[in-house]
Amino acid sequence: MASGKAQIAMMGAEGYIQAKKQSKDVVPILTHSGKSGTLSDAQYRSYIMVPKDKAASYKVNGKYDIHKIKGKRMSFVSNTSTSGFAIPAGALQQTFKLKNKDDLSQNGKFFSKVLFGGSHQAQPSTC
């Protein structure tokens, strides 16, 4: 899209952001909306998953606590995936008040080890 070779593309948020940085001529024409048909109630979900037999170790007072993930081994899909990196990294950066979300993709900075599955299909087998 950014090079002008394609007339239309379907991409995630991260792809759009990168293309828009390269060319002001890239504009969205369709997007997911909420039940109202507008962006005001649109949602995008991403999930952090753990092995079932370890789930209780992520709880505090009977509720899951996001702070228990620090220092663990983490597998993301790819650093260019919206649901598999951009959304969770942004949420983690905000929750943990991190100056740089790049720390989330490097071993020993926030997580003890960081892996990338390379695709959504490969994700479950990487950790």
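Just so you know, residue 1 is the first one in the sequence shown, and it goes up from there.
- One finds the OG atom of S57 at 5.5 Å from the NZ atom of K72 (value rounded to the nearest 0.5 Å).
- Atoms CZ and CG, from F110 and D103 in turn, are 9.5 Å apart once rounded to the nearest 0.5 Å.
- For the residue pair P88 and G84, the shortest heavy atom distance occurs at CG-C, 4.1 Å.
- The distance from atom CG of N100 to atom NZ of K109, rounded to the nearest 0.5 Å, is 8.0 Å.
- Heavy atoms only, all atoms of each residue included: A19 and M11 are closest at CB-SD, 4.5 Å.
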For residues 20-29, which side-chain donor-acceptor pairs fall under 3.5 Å, sequence neighbours excluded?
{"residue": "K20", "atom": "NZ", "partner": "K24", "partner atom": "O", "Å": "3.1"}
{"residue": "K20", "atom": "NZ", "partner": "V26", "partner atom": "O", "Å": "3.0"}
{"residue": "S23", "atom": "OG", "partner": "D25", "partner atom": "N", "Å": "3.2"}

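- Scored by the side-chain contact (heavy atoms from CB on, under 4.5 Å) test, D65 finds V60, H67, K68 as partners (sequence neighbours excluded).
- Here I17 contributes atom CD1 and T80 contributes atom OG1; the two are 12.0 Å apart, rounded to the nearest 0.5 Å.
- Of all heavy-atom pairs spanning S75 and G117, the tightest one is OG-N, 4.3 Å.
- The two residues F76 and V114 come nearest to each other via the heavy atoms CD1-CG1, 3.8 Å.
- The backbone N or O of G71 sits less than 3.5 Å from a side-chain atom of S112, completing a donor-acceptor pair.
- Side-chain contact, D41 with S36: a donor N or O sits under 3.5 Å from an acceptor N or O.
- A pairwise comparison of heavy atoms in F85 and N79 identifies CD2-O, 3.6 Å as the closest pair.
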| request: Mind running side-chain contact (heavy atoms from CB on, under 4.5 Å) on I66 and F96 for me, showing each step along the way? | output: CA-CA 9 Å; I66 190 76; F96 288 93; 4.1 Å; yes
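- Partners of K59 by side-chain contact (heavy atoms from CB on, under 4.5 Å), not counting sequence neighbours, listed by chain and number: Y64.
- Distance check, rounded to the nearest 0.5 Å: CG of L115 to CE of M74 gives 10.5 Å.
- Considering all non-hydrogen atoms of both residues, K101 and A89 come closest at CD-CB, 4.0 Å.
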| said: Determine whether T31 and Y16 satisfy the following criterion, side-chain contact (heavy atoms from CB on, under 4.5 Å), listing intermediate values before the conclusion. | reply: CA-CA 11 Å; T31 187; Y16 166 72; over 6 Å; no
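- Between F111 atom CZ and S105 atom OG the span is 10.0 Å, to the nearest 0.5 Å.
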